[in-house]
Chemist: 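Quick one: the structure is below, and I'll ask about it shortly.
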Amino acid sequence: MTQKVRVRFAPSPTGPLHIGGVRTALFNYLFAKKHGGDFIIRIEDTDQTRYVDGAEEYIIEALNWLNIPANEGPVSGGNYGPYRQSERKDLYRKYADQLIESGNAYYAFDTSEALDAHRKNHEAEGKTFIYNWHNRLKLDNSLALSEAEVKAKLDSGEEYVIRFKTPQDETLPLTDIVRGAMKIDTNVLDDKVLFKGDGMPTYHLANIVDDHLMEITHVIRGEEWLPSLALHVLLYRAFGWDAPQFAHLPLLMKPVGKGKLSKRDGDKMGFPVFPLEWKTAEGDVFSGYREDGYLPEAVLNMLVFLGWNPGTEQEIFSLEELVAAFDLARVNKSGAKFDPEKTKWFQHHYLQEMDEGMLTAQFKKFLKDKGVTTAVDVSVIVPLLKERATFVQDLWEQGSFFFEAPSTYDEKASKKAFKEDTPEILQKVIELLQGIEDFTATTISDEVKGWITSNDIGFGKVMMPLRLALVGEMKGPDVFEISSILGKKEAVSRIEKAVNFMKQ
């Protein structure tokens, strides 16, 4: 029987979840769903000094907003908990001791001052200090000391760490789903600390133990963990456990130039690098995709193309389609350049696809938050404006004139449209409008256009000043639709105001 696919997303609650972390979560989610497996969230909070209040809640909320929730985790629970490493800390000591007993790890009593001195001596000679096979027998550890000396140090309560004993003179084969086969010379690896003096495991030990106990079958994580792959494979071997399959995702690169995408890039270029807004304890505010008006579907669609391609021309995917199409074999090795404009392209598409009732409700909320009260039927306005809108707030920019009469008229357009005979022409339009009982766009159009044609007046002489009178600029949908929505009283009032402006 094939083992059930189980993957995990294991962020540290040290601040807001970067968009690169969201991409890792998404790829894990898609892979799990594609294979009928489980997607787990595990909070890696062994480093309590870097813990930030609210960060864990932020991570869960971000994934829920994007509709990629976990099957198991600190909130949803599950049979493999606890799902916070800080609540699992009693587990790890046993495994560290197991490695010592099997000869795969050792006690190291070196003080930080002694290690600093070694580093400085090496630097002075133009070398780099690495704690491993070539010097470990000369340092203060249980490999170099007698059993009696080690026991005395332990009994006296002397501080120590537990280090992994990296094998010497071995070529270690490694396999990665994205990068293929690799080899590494174990002589270049250092003897990493697995267990710290404060009684907490390091990331490396906790990560391996938790993945094993949670029966994780595939570890899908960022490229920054690739240098740790050899150690993790060696740890699995040292425990006598089967290692999961590994897949290291490419870095998210800056939109311009080289280098990893950072929050400073977002600040500089005016786009979010976090899924949700984040406020620091110091009062700094970092923008989020949700608060900036992006739809979760647009963010997911943008993220999945950062490092993956479906092998077809298709660009728009529902979550269900992504699950069906996703394949780790189609993940790129090279870094994925972030493209803020492409994100807006996705956002525009999904706004057009959005249910008009939902879009109207969101726009009504926007108006309410802005303190705008209106008798105008917003549900009639939204379909007229949405084609040019990318965000809900764009509906306001496109159609604020529906709610506020223009106080000024576009200077360039008014010079072109407001002529000597314009007040007289608009006065006639006012009379036409006042005589219409069925004040619909069709009737208004028929009456005004009929009058223009029968009097042999150029359409521009009427339509341009009429639009300026109603809108204040040369923008907006059909001018007769605008008149109908505003209603006879408001439309006439605005035209009269424009006539008075021209007479000044």
Side-chain angles (χ1 to χ4, degrees), residues 270-271 289-299 301-302 316 340-410 412-414 417 429 433 439-445 448-449 459-460 462-495 497-498:
F271 62 86
Y289 278 93
R290 182 178 67 182
E291 289 73 16
D292 276 15
Y294 284 88
L295 295 167
E297 298 90 337
V299 178
N301 222 145
M302 169 272 287
I316 302 294
E341 290 310 308
K342 191 67 177 182
T343 318
K344 286 182 182 172
W345 183 87
F346 283 118
Q347 169 64 18
H348 178 80
H349 170 84
Y350 281 105
L351 191 85
Q352 304 312 306
E353 296 287 304
M354 195 175 176
D355 175 78
E356 277 183 3
M358 284 178 65
L359 187 54
T360 299
Q362 287 195 17
F363 188 42
K364 280 181 176 175
K365 183 183 181 300
F366 176 89
L367 293 172
K368 188 182 175 187
D369 293 346
K370 207 171 172 61
V372 175
T373 52
T374 180
V376 171
D377 186 352
V378 177
S379 67
V380 177
I381 295 169
V382 167
L384 296 175
L385 299 175
K386 75 171 193 175
E387 198 178 313
R388 292 174 180 268
T390 299
F391 300 98
V392 171
Q393 57 264 37
D394 293 345
L395 297 171
W396 172 259
E397 287 168 27
Q398 295 290 331
S400 58
F401 56 84
F402 279 117
F403 314 101
E404 297 174 342
S407 53
T408 58
Y409 304 99
D410 181 83
K412 192 177 175 185
S414 57
V429 172
L433 296 183
F439 207 71
T440 61
T442 306
T443 311
I444 301 165
S445 174
V448 175
K449 284 180 178 177
F459 269 77
V462 181
M463 304 302 279
M464 277 184 72
L466 180 56
R467 183 175 292 279
L468 273 177
L470 297 174
V471 177
E473 300 173 62
M474 295 305 293
K475 71 173 190 181
D478 178 80
V479 76
F480 303 118
E481 290 276 10
I482 295 171
S483 305
S484 170
I485 292 166
L486 290 174
K488 187 190 292 187
K489 187 180 174 187
E490 179 65 17
V492 167
S493 167
R494 291 188 184 192
I495 300 165
K497 188 179 173 185

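In what follows, residues are counted from 1 in the order of the sequence shown.
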Chemist: Of all heavy-atom pairs between Phe391 and Asp292, which one has the smallest distance, and what is that distance?
Modeler: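 That would be CD2-O, 3.6 Å.
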Chemist: Take Ile495 and Leu433 through the side chain to side chain contact (heavy atoms under 4.5 Å, CB included) test and state the conclusion after the steps.
Modeler: CA-CA 10 Å; Ile495 300 165; Leu433 296 183; 3.6 Å; yes
Chemist: If the condition is side chain to side chain contact (heavy atoms under 4.5 Å, CB included), which residues does Glu291 pass it with, not counting sequence neighbours?
Modeler: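 Partners of Glu291 under the side chain to side chain contact (heavy atoms under 4.5 Å, CB included) test: Leu276, Glu277.
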Chemist: Applying salt bridge (charged side-chain N to carboxylate O under 4.0 Å, His left out), name anything that partners Glu387, two or more places apart in sequence or on another chain.
Modeler: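 In terms of salt bridge (charged side-chain N to carboxylate O under 4.0 Å, His left out), with neighbours along the sequence ignored, Glu387 is linked to no residue.
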Chemist: Evaluate the criterion side chain to side chain contact (heavy atoms under 4.5 Å, CB included) for residue pair Lys497 and Tyr409; output intermediate values, then yes/no.
Modeler: CA-CA 11 Å; Lys497 188 179 173 185; Tyr409 304 99; 3.9 Å; yes
Chemist: Taking the side chain as every heavy atom from C-beta outward, state whether Leu295 and Gln347 have any pair of such atoms under 4.5 Å apart.
Modeler: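 Heavy-atom side-chain distance check passes, below 4.5 Å.
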Chemist: Under the rule for salt bridge (charged side-chain N to carboxylate O under 4.0 Å, His left out), what residues qualify as partners of Asp369, not counting sequence neighbours?
Modeler: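 Salt bridge (charged side-chain N to carboxylate O under 4.0 Å, His left out) check on Asp369 returns Lys365.
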Chemist: Are side-chain heavy atoms of Ile381 and Leu385 found at a separation under 4.5 Å?
Modeler: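 Yes, side chains in contact.
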Chemist: How would you list, by chain and number, every residue that makes a side chain to side chain contact (heavy atoms under 4.5 Å, CB included) with Lys364, sequence neighbours excluded?
Modeler: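 For Lys364 the side chain to side chain contact (heavy atoms under 4.5 Å, CB included) partners, ignoring immediate neighbours, are Thr360, Val378.
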Chemist: Determine all donor-acceptor pairs shorter than 3.5 Å in which one atom belongs to a side chain in residues 482-489; sequence neighbours excluded.
Modeler:
from, atom 1, to, atom 2, distance (Å)
Ser483, OG, Val479, O, 2.9
Ser484, OG, Phe439, O, 3.3
Lys488, NZ, Gln434, O, 3.3
Lys488, NZ, Ile436, O, 2.7

Chemist: Just say parallel, tilted or perpendicular for the rings of Trp396 and Phe366, cut-offs at 30° and 60°.
Modeler: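 Trp396 and Phe366: tilted rings.
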Chemist: Does Trp345 form a side chain to side chain contact (heavy atoms under 4.5 Å, CB included) with Ile316? I'd like the steps, not just the answer.
Modeler: CA-CA 10 Å; Trp345 183 87; Ile316 302 294; 3.7 Å; yes
Chemist: Roughly how far, to the nearest 0.5 Å, is CD of Glu297 from CG of Leu351?
Modeler: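 Nearest 0.5 Å value for the CG-CD distance: 10.5 Å.
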Chemist: Assess whether atom NZ of Lys344 is packed by more than 12 heavy atoms of other residues, nucleotides or ligands within 6.0 Å.
Modeler: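 Result for NZ/Lys344: open.
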Chemist: Between Thr374 and Phe402, is there a side-chain heavy-atom distance shorter than 4.5 Å?
Modeler: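 No, their side chains stay 4.5 Å or more apart.
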Chemist: Tell me every residue that passes side-chain hydrogen bond (donor to acceptor under 3.5 Å, both in side chains) with Arg290, counting only those two or more places apart in sequence or in another chain.
Modeler: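 Scan of Arg290 (side-chain hydrogen bond (donor to acceptor under 3.5 Å, both in side chains), adjacent residues dropped) gives Glu61.
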Chemist: Once salt bridge (charged side-chain N to carboxylate O under 4.0 Å, His left out) is applied, what residue pairs with a partner in residues 389-404 remain, sequence neighbours excluded?
Modeler: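 For residues 389-404: none.
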Chemist: According to salt bridge (charged side-chain N to carboxylate O under 4.0 Å, His left out), who are the partners of Arg494, at least two apart in sequence or on a separate chain?
Modeler: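 For Arg494 the salt bridge (charged side-chain N to carboxylate O under 4.0 Å, His left out) partners, ignoring immediate neighbours, are Glu490.
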Chemist: Set out, in order, the CA-CA distance, both residues' side-chain angles and the distance that settles side chain to side chain contact (heavy atoms under 4.5 Å, CB included) for Tyr350 and Asn301, then state yes or no.
Modeler: CA-CA 10 Å; Tyr350 281 105; Asn301 222 145; 2.5 Å; yes
Chemist: Just jot down the side-chain hydrogen bond (donor to acceptor under 3.5 Å, both in side chains) partners of Glu356, sequence neighbours excluded, or say none.
Modeler: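 Glu356 satisfies side-chain hydrogen bond (donor to acceptor under 3.5 Å, both in side chains) with Lys386 once adjacent residues are dropped.
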Chemist: Residues two or more places apart in sequence or in another chain: which of them pass side chain to side chain contact (heavy atoms under 4.5 Å, CB included) with Lys449?
Modeler: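 Counting only residues at least two positions away or on another chain, Lys449 forms a side chain to side chain contact (heavy atoms under 4.5 Å, CB included) with Ser445, Phe459, Phe480.
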Chemist: Tell me every residue that passes side-chain hydrogen bond (donor to acceptor under 3.5 Å, both in side chains) with Asp377, counting only those two or more places apart in sequence or in another chain.
Modeler: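 side-chain hydrogen bond (donor to acceptor under 3.5 Å, both in side chains) list for Asp377, sorted by chain: Ser379.
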Chemist: Quick check on the 6.0 Å ring-centre criterion: do Phe271 and Tyr289 meet it?
Modeler: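 No, the ring of Phe271 stays outside the 6.0 Å limit from the ring of Tyr289, centre to centre.
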Chemist: Using salt bridge (charged side-chain N to carboxylate O under 4.0 Å, His left out) as the criterion, list what pairs up with Glu473, not counting sequence neighbours.
Modeler: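 Applying salt bridge (charged side-chain N to carboxylate O under 4.0 Å, His left out) to Glu473 gives Lys475.
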